[in-house]
Undergrad: 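Let me give you the structure first, and then I'll get to my questions.
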Amino acid sequence: MRNVRWGWIVLGAFVAEVLGFAVLMGIRVLHGYGPFALDPLSAIGNAAFLIELFLVFMLAGWWVARGARELVVLNGLLVGVAAVLIYEIAARGSGQSIPISAAYLLAHAVKIAGGVGGGWLAAQRSGSAVPRAA
């Protein structure tokens with residue numbers, strides 16, 4: 001798997017996680033909470049968070065995948081997967097109990113989907129999209 005940009009994938013995933021967390025803190029402040037409060041967001045706040053998460057990971061997936069010569073979409077996908085792993089390692093390492101819910105799993109799925117979307121966008125721009133049947 002020489003065409004997978006492992007270093008860039010981990011860097012892109014980490015930067016996207018930090019940026020996503022920063023925007024979440026801003027959404028919490030707009031809701032009138034402290035930036036580190038754990039109070040639940042409103043339905044609109046949750047939707048805004050998922051949309052920003054998708055866009056941040058789409059940008060990160062595109063950023064990493066645009067430099068790949070082959071396996072462009074895979075590089076974007078791996079940005080989302082690496083971010084999920086980074087989050088899980090940090091969350092489990094904190095020692096706090098993390099309740100697994102549908103919203104929790106949805107946020108992880110959105111990260112991966114955003115990475116795939118960014119990889120797909122990079123593939124479309126570079127002309128190295130998935131080959132089509134003749």
Side-chain angles (χ1 to χ4, degrees):
M1 296 201 91
R2 282 185 2 195
N3 297 317
V4 176
R5 306 175 72 207
W6 293 109
W8 286 105
I9 288 167
V10 172
L11 178 64
F14 181 77
V15 168
E17 276 294 324
V18 169
L19 186 57
F21 184 72
V23 173
L24 174 61
M25 289 176 20
I27 291 171
R28 290 195 175 283
V29 168
L30 289 174
H31 271 73
Y33 306 135
F36 299 106
L38 296 177
D39 299 328
L41 297 173
S42 67
I44 292 174
N46 281 330
F49 173 63
L50 291 174
I51 291 168
E52 76 81 13
L53 203 58
F54 180 81
L55 294 174
V56 164
F57 277 91
M58 189 171 193
L59 179 63
W62 170 81
W63 180 62
V64 170
R66 70 186 172 97
R69 295 179 192 262
E70 296 176 357
L71 304 174
V72 178
V73 177
L74 178 65
N75 278 275
L77 169 92
L78 290 174
V79 169
V81 171
V84 169
L85 292 174
I86 289 169
Y87 183 88
E88 287 298 320
I89 290 168
R92 303 293 176 224
S94 73
Q96 300 213 353
S97 173
I98 312 257
I100 306 294
S101 66
Y104 182 83
L105 296 174
L106 179 61
H108 284 335
V110 166
K111 291 176 188 179
I112 294 169
V116 168
W120 179 83
L121 187 62
Q124 296 302 311
R125 294 283 177 137
S126 70
S128 63
V130 178
R132 298 179 188 173

Undergrad: Can you tell me how far CD1 of Ile51 sits from CD1 of Ile44, rounded to the nearest 0.5 angstrom?
TA: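 It is 10.5 Å, given to the nearest 0.5 Å.
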Undergrad: According to a 4.5 Å side-chain heavy-atom criterion applied to Ile, Leu, Val, Met, Phe, Trp and Tyr, with indirect links allowed, do Ile98 and Leu41 form part of one hydrophobic cluster?
TA: no
Undergrad: For the residue pair Ser94 and Ala91, what are the closest heavy atoms and their distance?
TA: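 Looking at all heavy atoms of both residues, the shortest contact is OG-O, 2.7 Å.
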Undergrad: Applying the 4.5 Å side-chain criterion to the ILVMFWY set and letting contacts propagate, would Val81 and Val10 be lumped into a single cluster?
TA: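 Different clusters: Val81 never reaches Val10 through Ile, Leu, Val, Met, Phe, Trp or Tyr contacts under 4.5 Å.
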Undergrad: For residues Gly119 and Val72, report the shortest heavy-atom separation together with the two atoms involved.
TA: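 For Gly119 and Val72, the tightest heavy-atom pair comes out as O-CG1, 3.5 Å.
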Undergrad: So which atom in Ala82 and which in Ala13 form the shortest heavy-atom distance, rounded to 0.1 Å?
TA: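 In this case the closest contact between Ala82 and Ala13 is CB-CB, 3.7 Å.
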Undergrad: Specify the closest pair of heavy atoms between Ile9 and Leu78, including all atoms of both residues, with the distance to one decimal.
TA: CG2-O, 3.4 Å
Undergrad: For residues Trp8 and Leu59: do they belong to one hydrophobic cluster (side chain heavy atoms under 4.5 Å, members Ile, Leu, Val, Met, Phe, Trp, Tyr)?
TA: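 Hydrophobic grouping puts Trp8 with Leu59.
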Undergrad: Other residues, nucleotides and ligands only: do more than 12 of their heavy atoms fall within 6.0 Å of OH on Tyr87?
TA: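 No.
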Undergrad: Between CG of Leu121 and CE of Met58, what distance do you get to the nearest 0.5 Å?
TA: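 Answer rounded to 0.5 Å: 5.0 Å.
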Undergrad: Taking all non-hydrogen atoms of both residues, which atom of Val56 and which atom of Ala16 are closest, and how far apart?
TA: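 Nearest pair, atom of Val56 first, then Ala16: CG1-O, 3.5 Å.
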Undergrad: Looking at CZ of Arg5 and CZ of Arg66, how far apart are the two atoms once the value is rounded to the nearest 0.5 Å?
TA: 8.0 Å
Undergrad: Show the atom names and distances, to 0.1 Å, of all donor-acceptor pairs under 3.5 Å that link a side chain in residues 17-30 to residues at least two apart or in another chain.
TA:
residue, atom, partner, partner atom, Å
Glu17, OE2, Lys111, NZ, 2.6
Arg28, NE, Ala37, O, 3.2
Arg28, NH1, Ala37, O, 3.4
Arg28, NH1, Asp39, O, 2.5

Undergrad: Between Phe14 and Ile86, is there a side-chain heavy-atom distance shorter than 4.5 Å?
TA: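 Side-chain contact under 4.5 Å: yes.
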Undergrad: Parallel, tilted or perpendicular for His108 and Tyr104, by the 30°/60° rule?
TA: perpendicular
Undergrad: Using every non-hydrogen atom in the two residues, find where Ala60 and Gly12 come nearest and quote the distance to one decimal.
TA: CB-O, 3.8 Å
Undergrad: I want to check something: taking the side chain as every heavy atom from C-beta on, are Leu11 and Trp63 in contact at a cut-off of under 4.5 Å?
TA: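 Leu11 reaches Trp63 side chain to side chain.
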Undergrad: Would you give the length of the straight line joining atom CH2 of Trp62 to atom CG of Asn75, rounded to the nearest 0.5 angstrom?
TA: 14.0 Å
